[in-house]
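Take a look at the structure below.
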Amino acid sequence: MPPLMAIEFLCRVADVLSDYLGGLNEDVIKDNFIIVYELLDEMIDNGFPLTTEPNILREMIAQPSIVSKVLSVVTGNSSNVSETLPGATASCVPWRTPDPKYANNEVYVDLVEEMDATINRDGVLVKCEIYGEVQVNSHLSGLPDLTLSFANPSILDDVRFHPCVRFRPWESNQILSFVPPDGQFKLMSYRVKKLKSTPIYVKPQLTSGGGTCRIDVLVGIRNDPGKTIDSITVQFQLPHCILSADMTSNHGTVNILANKTCLWSIERIPKDKAPSMSGTLVLETGLERLHVFPTFQVAFRIMGVALSGLQIDKLDLKNLPNRPYKGFRALTRAGEFEVRS
């Protein structure tokens, strides 16, 4: 079997379980063991992937709720599996509910991007790339046929598609042609590599000696994206050899958490001053200077802009009884964005 088939199936299982259970960890799986077992029973049959589309699985297996848990205790019936098979399982488009009807036809397309960046101790950008997803929320009657095109598809790398995407039109013209599932789904994911700059800068400066370490961190806008940058936080792990830390800032709040993480919440950068944080770390007795320097993790969010530069050109819809409403949004947030000191 192709090795990627196993990896892709495991990713699909993780996505479905996260979608059903609102998260994925050991405790969640233990609490919802029966649902997990039923989902796996439908998703894989005798070693072969079978039904992996979340929308169809929701029709077959009810999502967990307090009411269903109470009923299972009262009646003694713990099964969540539907008695009837969804009609879409025998359809040529198994990811779509058969013949849905809506009074208002609408489709929303979201570009959601995460910026991964590494900046070395000299302030040089070592790596900067975008991981992005095209997320679609579709409420369309019948069996619609959609075509989505980008203004600059040549910038995309490592594209990965939902099974509904026809590969031939993308291969020849970089056009996404598909019959969408009903509801919310991830149409495709992509990477944009070797970006030249980041929207904000973080400049840490550490000077150590005499049993203490002085920290100064400056944050500001490097390239204005034209939209507000908010939800900005800077955090770093205090080294084990630190006995105490006294940190202050001229904007936002600074907290030392229980796991020895220093969290600086800036939210938005004011126009009249650059946010700065400073403080002193006291080292263990016998240590003159700090030998392990922290790495600063940066988070931010920008609504209304895709920093990769990807632009949607147009979205065409066919086989619809009336004119649908189309909506487009973009969001960029920090992924693994780290500044070394």
Side-chain angles (χ1 to χ4, degrees), residues 1-65 68 78-82 85-86 88-97 110-116 127 129-138 156-167 170-171 176 178-193 297 331 333-338:
M1 59 175 275
L4 280 175
M5 180 179 169
I7 295 168
E8 177 62 30
F9 177 73
L10 288 172
C11 289
R12 189 62 66 90
V13 169
D15 288 346
V16 167
L17 292 180
S18 297
D19 185 44
Y20 254 79
L21 310 176
L24 191 56
N25 58 52
E26 188 179 349
D27 293 333
V28 168
I29 289 175
K30 282 179 178 176
D31 292 343
N32 299 278
F33 173 76
I34 292 171
I35 290 220
V36 172
Y37 195 97
E38 288 168 348
L39 283 169
L40 290 174
D41 213 28
E42 297 297 342
M43 292 184 75
I44 195 160
D45 183 39
N46 199 30
F48 291 93
L50 187 63
T51 306
T52 60
E53 185 56 45
N55 293 330
I56 306 305
L57 286 167
R58 278 193 210 98
E59 287 188 51
M60 298 168 77
I61 299 166
Q63 286 185 273
S65 66
S68 65
S78 58
S79 175
N80 301 281
V81 182
S82 170
L85 202 63
T89 50
S91 163
C92 60
V93 280
W95 53 83
R96 186 168 177 81
T97 309
D110 291 346
L111 290 180
V112 180
E113 299 189 338
E114 286 190 354
M115 175 174 273
D116 297 336
K127 182 194 86 167
E129 63 181 37
I130 292 277
Y131 169 79
E133 293 180 356
V134 179
Q135 297 177 359
V136 179
N137 196 355
S138 161
L156 301 178
D157 282 309
D158 302 338
V159 289
R160 178 176 166 223
F161 301 112
H162 186 279
C164 70
V165 175
R166 302 179 181 101
F167 190 60
W170 175 265
E171 204 174 26
L176 292 173
F178 59 99
V179 175
D182 196 36
Q184 186 142 5
F185 67 100
K186 181 171 75 176
L187 180 65
M188 70 176 285
S189 63
Y190 58 87
R191 283 190 192 281
V192 178
K193 299 178 179 176
Q297 309 287 338
L331 161 69
R333 55 179 174 240
E336 293 181 10
F337 194 110
E338 58 181 38

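- Partners of Glu26 under the side chain to side chain donor-acceptor pair (under 3.5 Å) rule, at least two apart in sequence or in another chain, are Lys30.
- In this model, no donor atom of one side chain and acceptor atom of the other lie less than 3.5 Å apart for Glu336 and Tyr131.
- The line from CD of Gln135 to CE of Met188 is 12.5 Å long, rounded to the nearest 0.5 Å.
- In this structure, Trp170 contributes its side chain and Phe161 its backbone to no donor-acceptor pair below 3.5 Å.
- Side-chain contact check for Leu57 versus Thr51: some heavy-atom pair is nearer than 4.5 Å.
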Would you check, one step at a time, whether the test side chain to side chain contact (heavy atoms under 4.5 Å, CB included) holds for Met43 with Phe9? CA-CA 9 Å; Met43 292 184 75; Phe9 177 73; 4.2 Å; yes
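- Within the 4.5 Å cutoff, no side-chain heavy atoms of Gln184 are placed close to those of Ser138.
- Of all heavy-atom pairs between Ser18 and Leu24, the closest is OG-CB, 3.6 Å.
- Minimum interatomic distance between Gly335 and Asp116 (heavy atoms only, all atoms of both residues): CA-OD1, 3.4 Å.
- The aromatic ring centres of His162 and Phe178 sit 6.0 Å or more apart.
- Judged purely by distance below 3.5 Å, without hydrogens or angles, the side chains of Ser189 and Arg160 never pair a donor atom with an acceptor atom.
- Contact of the Tyr190 side chain with the Val192 side chain is registered, since non-hydrogen atoms from C-beta on lie closer than 4.5 Å.
- Residue Glu42 holds its CD atom at 12.0 Å from OG1 of Thr52, rounded to the nearest 0.5 Å.
- Contact annotation: the side chain of Leu111 never approaches that of Leu331 to less than 4.5 Å [non-hydrogen atoms, C-beta and beyond].
- In terms of heavy atoms, Arg96 sits closest to Asp182 at NH1-N, 3.9 Å.
- Summarising the geometry of Pro49 relative to Met5, their closest heavy-atom pair is CD-CE, 3.4 Å, with the distance given to 0.1 Å.
- Taking the side chain as every heavy atom from C-beta outward, Leu176 and Arg166 never approach each other to under 4.5 Å.
- Between Leu50 and Ile44, the closest side-chain pair of non-hydrogen atoms is not below 4.5 Å.
- At a threshold of 4.5 Å between non-hydrogen side-chain atoms, the residues Val28 and Tyr20 do not count as touching.
- A salt bridge does not link Lys193 with Glu129: none of the charged nitrogens is closer than 4.0 Å to a carboxylate oxygen.
- Closest heavy-atom contact between Asp27 and Asn25: N-OD1, 3.1 Å.
- At most 12 non-hydrogen atoms from other residues, nucleotides or ligands lie less than 6.0 angstrom from CZ of Arg333.
- Here Asp110 contributes atom CG and Leu187 contributes atom CG; the two are 11.5 Å apart, rounded to the nearest 0.5 Å.
- Summarising the geometry of Pro54 relative to Val16, their closest heavy-atom pair is CG-CG2, 4.2 Å, with the distance given to 0.1 Å.
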Mind running side chain to side chain contact (heavy atoms under 4.5 Å, CB included) on Ile130 and Arg191 for me, showing each step along the way? CA-CA 5 Å; Ile130 292 277; Arg191 283 190 192 281; over 6 Å; no
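- By the 4.5 Å heavy-atom criterion applied to side chains, Leu17 and Leu39 are counted as neighbours.
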